Each structure stands twice: as C-alpha cells, then as structure tokens.
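As a basis for the values below, the full set of heavy atoms in this structure was taken, side chains included, without hydrogen atoms, waters or symmetry mates. Owing to the predicted nature of the structure, the values given are computational and were not obtained by experimental measurement. The sequence lines fix the lettering, A, B, ..., with proteins before strands; numbering per chain opens at 1.
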There are 2 protein chains.
Amino acid sequence: MSAINERRERERAHRHQLIITTARELAEAEGWEAVTTRRLAERVEYSQPVLYSHFNGKDAIVSAVAIDGFSELAAHLRRARQAAPEPGQALRAVCRAYLEFATERPALYQAMFVLPTDLKFASAETPPPLRAAFGEFVSCFRLDNERRELFAEVTWSALHGMAVLSDSGRIPPDGQEERLDFLVTQIADSPAG
Amino acid sequence: MSAINERRERERAHRHQLIITTARELAEAEGWEAVTTRRLAERVEYSQPVLYSHFNGKDAIVSAVAIDGFSELAAHLRRARQAAPEPGQALRAVCRAYLEFATERPALYQAMFVLPTDLKFASAETPPPLRAAFGEFVSCFRLDNERRELFAEVTWSALHGMAVLSDSGRIPPDGQEERLDFLVTQIADSPAG
DNA sequence: ACCACATCCTAGCAACGCTAGACATCCTGT
DNA sequence: ACAGGATGTCTAGCGTTGCTAGGATGTGGT
C-alpha cells in the first residue's frame, strides 16, 4: 500500500538476496558442511529465526543458491556456444564450458546437482533457468535430429559424471581434457550429430 | 595368544561385520540419513562406543559398506561380461549391469560413489575390489587399444551420471534403456573399441 | 584368592536444524 | 497526540546429531 510498505518490501527482498549470496560465499570458501544456520545468521548479522522467515529451511536456502547457479550456468553455456567459430564446434565449446563451470565453482555446482534440494526437475514446475541450461545442450544438435533430447541427456550425464568423479578424486583430475575430447568426438560422430 | 584370545578375536571380527551389514540394511531400508550411530548401536545391541572401537567414525563405517559394495559390483560386472554372447557385446552387457546395480541398490551405490568417504581412489592405497570393478570396464576394450583406461573412465563417468541424475529425479527415470543404447553405440563405434 | 587388565556402558559435550514465546518497534485510526 | 494493534526481531530452548571421558563390570593369569 503505502510507500513505507514498499520500502519494507524492498528491504526484505534485499535481505533475501543477502542470505543467498552469503550462503554461497560461505560454501565456496569453506564448503557446504561449514554452512550452518548459526554461522549464516551471524554473517548476515541477524538472528537465526530471520532465516526461517525467508526460507522454509536450510534445504530451501541451498535450492535458492542452486537456482542462481542455473542462471549463471545457462548464460555461461550460451556464451560459449555462440562464440564457437562454426556450428560443428558448438558441442565441444559447450561441453568444455560446462566442465569449466563445475571445476571453478565446485560448491555452487554441488548445490545444483549433488546436494538434496526441493527442486523439481524435468517437470512442469522446473525453474526456467534450469530449462535454459539444459536447452543449451539440446541446441548443440541439429534441429532435424529427432533424438536431440536424448543426445543432450547422455552428454550432460557424461559431463556430470566426469565433473563429480573428478571433484571427489574418484578419477584423476588431470586428463579431463582428454576425456572431454574423446567424449565429444564420440557423440558428434553420429548420423545426426 | 591363548585359545581364549583367538575366540575373542573371532567374536570381534564377527561383530565388526555385523556392524557393517546392519548399517547397510538400515540404509537400504530407510536411507542413509536414517543411519545414526545411536540407531545403529541399538540394532547391533551394543552401546555407541563399541562402534568407535571398531571404526574411526561414521564415515569409516560408510566406507566399509562401500568396500563390500565394490566387491559385489566387480563380481556383478564380471558375470555380465563373461555371459556376453560375443566380445562385441561385452561393453553393452557390462554397462547394463552397472545401471542395474545402481538402480537396485541405491543406498549401497550412494555409499560407494556419492557420500563422502575416506577411500582413496586411483592411487596406491586404492582397495583391490575397487580396482577390480574398474578393471571390468577396461576389459571391455581391446588389448591393443592404448587408450583403454581413458575409454573406461569416460564410459564409467557417463554411466555414473546417468545413474545419479536419474536417481535424484534430474532426468526422467524412464528412457534409461535408450540412453544406455545410445551411449554404448557411440562408445563402441570407435577406431579401437 | 587376589590382582590386573580388557571390555563395555552410562553420562555428557558441543554443535546441528528448527521453533515458541517474549520483547521492542513502528504504523494506523481516533 | 496518543493509545492499540500489527509487524518484526531476538532470546532461549527442544530434540537430535557425532563423538568421548571416566567409571563399573567381569574375565584371565599368577
């Protein structure tokens, strides 16, 4: 109603975002296991209950960070795809960008793809940024390819596996480049790649 | 030294295994978040501190479950590979068996590949069962292929991605079969597959 | 029979996610 | 201008977590 309420809403929205970015910073600096509601509250200079007046719980905060991450990922992939010299190089560029994103922001990546979240994937309520990111993979394949989505899913799965297995030390972190090269070659060398 | 001590050691080893299998059962029945040291202690009918006389902590228990899982996975993959009608079908059979394993024992799979563990991968102290499981993938490729390990790593990464993204609902659980088919086709259609 | 040792449990610590209820603060209507 | 009510925030605490110190109990060896 009044201008006062508008100001309050602005402040509230501002604080909402502050919580998200602070959680993300804390996670990127010390890992998600260091992100406790107490420490987070202290950093934003409010008491614990205010976190719960903005989010349903800790998982919801992680989800909010994840959504921000999806937007960034989508933009990152899109930039890479459009900067590719020729269409045939788009897939390679996008895949490389994906791995880059995962290795440079491991905590953010975890929030998006590893930690338990409330997010709905591949359904009606899927957040648009998430759809956009997935769409970048789909766009790497020719329009007349009836199985573009399938191609994209497998590509994404492979990249995710590489990212997460490498991050947790289950495959050697070096050699990502060779694996990437091999993957792209195999996927692209298909009837309708 | 005496027979009494031997009996004690036997009992201790027996209890050690009891803890592991109980933890696994509990995880498979209700998920790992339901596996607390208290509940686990109650189930094995001992107090909490005995768990810590066998393991360094909860993570070590998870790791122990994971190692058992690696043995089973290795055996499962080996069986599938050897049952393949012809060598050209080995890769497909092993990949299918891998996904089968992951979907039928999700909690065990999580202990092995998702949850934080103390395990060392791809190093000198890598547990033999783990090497064996990975070796089954390598064995699917021809001996004269200099990049067998690379092939195996990418194959494994892709399968892991499919398994974990599907399990967490990030890609639709149906269509695994088509994805598997596509993946195997692309990987196998290579100069030295 | 007695001592010494190993084994096991009770009890408790600090930290976790989360919430009820008191307190203060500010807007609103008369 | 001032009381009343709504809004917002904090203190304090609940139940649970992983983990551990220290005492009780019972067994084995001399």
Side-chain angles (χ1 to χ4, degrees), chain A residues 1-20 22-24 26-27 29-66 107 110-111 115-118, chain B residues 1-20 22-24 26-27 29-66 107 110-111 115-118:
Chain A
M1 302 288 209
S2 65
I4 286 171
N5 279 358
E6 287 180 15
R7 186 211 49 181
R8 289 221 261 224
E9 270 191 38
R10 264 202 321 274
E11 287 175 351
R12 185 174 172 79
H14 181 261
R15 200 174 48 182
H16 188 91
Q17 193 58 40
L18 176 66
I19 293 172
I20 296 176
T22 305
R24 173 175 168 174
L26 200 47
E30 311 182 35
W32 280 107
E33 73 280 356
V35 182
T36 70
T37 55
R38 270 170 247 267
R39 292 193 62 185
L40 181 55
E42 192 185 7
R43 286 244 184 159
V44 298
E45 297 180 314
Y46 282 94
S47 69
Q48 268 182 294
V50 303
L51 301 182
Y52 293 90
S53 77
H54 282 270
F55 300 95
N56 272 338
K58 191 186 170 180
D59 286 1
I61 298 178
V62 177
S63 298
V65 173
Q110 272 190 20
L115 299 183
T117 68
D118 321 344
Chain B
M1 293 311 180
S2 66
I4 286 173
N5 279 357
E6 287 180 16
R7 185 212 48 179
R8 289 219 259 224
E9 270 191 37
R10 266 203 318 275
E11 287 175 350
R12 185 173 171 79
H14 180 261
R15 200 173 49 183
H16 188 91
Q17 193 58 39
L18 176 66
I19 293 172
I20 297 175
T22 305
R24 173 174 168 174
L26 201 47
E30 311 182 34
W32 280 106
E33 73 281 354
V35 181
T36 70
T37 56
R38 270 170 245 269
R39 291 194 63 185
L40 181 54
E42 193 185 8
R43 286 244 186 161
V44 297
E45 296 180 317
Y46 282 95
S47 69
Q48 269 182 292
V50 304
L51 301 181
Y52 293 89
S53 77
H54 283 270
F55 301 94
N56 271 338
K58 191 185 172 181
D59 286 1
I61 299 179
V62 177
S63 298
V65 173
Q110 273 189 19
L115 298 184
T117 69
D118 321 342

* **Length of the CG-P vector between L40(A) and dC18(C), whole Å** => 12 Å

* To do: Measure from CD on E11(B) to P on dT27(D) and round the result to the nearest Å.
  => 12 Å

* For atom CD of E42(A), decide whether the heavy atoms of other residues, nucleotides or ligands shown that lie under 6.0 angstrom number more than 12. => no

* Asked: Base, sugar-phosphate alone, or nothing: which one does R12(B) contact when heavy atoms must sit under 4.0 Å apart?
  -> nothing

* To do: Report the distance from atom CD1 of I19(B) to atom P of dC19(D), rounded to the nearest whole Å.
  => 13 Å

* Structure fact -> K58(A) NZ to dT17(D) P, in whole Å, measures 16 Å

* To do: Measure the shortest side-chain to side-chain distance between Y52(B) and T37(B) over non-hydrogen atoms and say whether it is less than 4.5 angstrom.
  => yes

* To do: Taking all heavy atoms of I20(A) and all of A64(A), pick out the closest pair and write down the distance.
  => CD1-CB, 3.6 Å

* Asked: Looking only at side-chain N and O atoms, does R39(B) come under 4.0 Å of OP1 or OP2 in dG18(D)?
  -> no

* Asked: Given dC9(C), dG17(C), dC10(D), which nucleotide is nearest the side-chain atoms of V50(A)?
  -> dC10(D)

* Asked: Do the side-chain N or O atoms of T37(B) get closer than 4.0 angstrom to the phosphate oxygens (OP1, OP2) of dG18(D)?
  -> yes

* Closest approach of K58(A) and V35(A), non-hydrogen atoms and distance? -> NZ-O, 2.8 Å

* Asked: Rounding to a whole Å, what distance do you find between E42(B):CD and dG18(D):P?
  -> 14 Å

* Asked: For the side chain of T36(B), counting heavy atoms from C-beta on, which of dC10(D), dT17(D), dC16(C) is nearest?
  -> dT17(D)

* Are any non-hydrogen side-chain atoms of R39(A) and R43(A) less than 4.5 angstrom apart? -> yes

* **Gap between atoms OH and C1', on Y52(A) and dC14(D) respectively (whole Å)** => 13 Å

* Residue mapping more 5' on DNA chain C - nearest nucleotide basis, E45(B) or Q48(B) -> E45(B)

* Asked: Expressed in angstrom and rounded to an integer, what is the separation of L51(A) atom CG from dC16(C) atom P?
  -> 13 Å

* Do any side-chain nitrogens or oxygens of S47(A) fall under 4.0 Å of OP1 or OP2 in dT9(D)? -> no

* To do: Could you state the atom-to-atom distance from OH of Y46(A) to C1' of dT7(D) in whole Å?
  => 14 Å

* Asked: Does R38(A) put a side-chain nitrogen or oxygen below 4.0 Å from OP1 or OP2 of dA12(D)?
  -> no

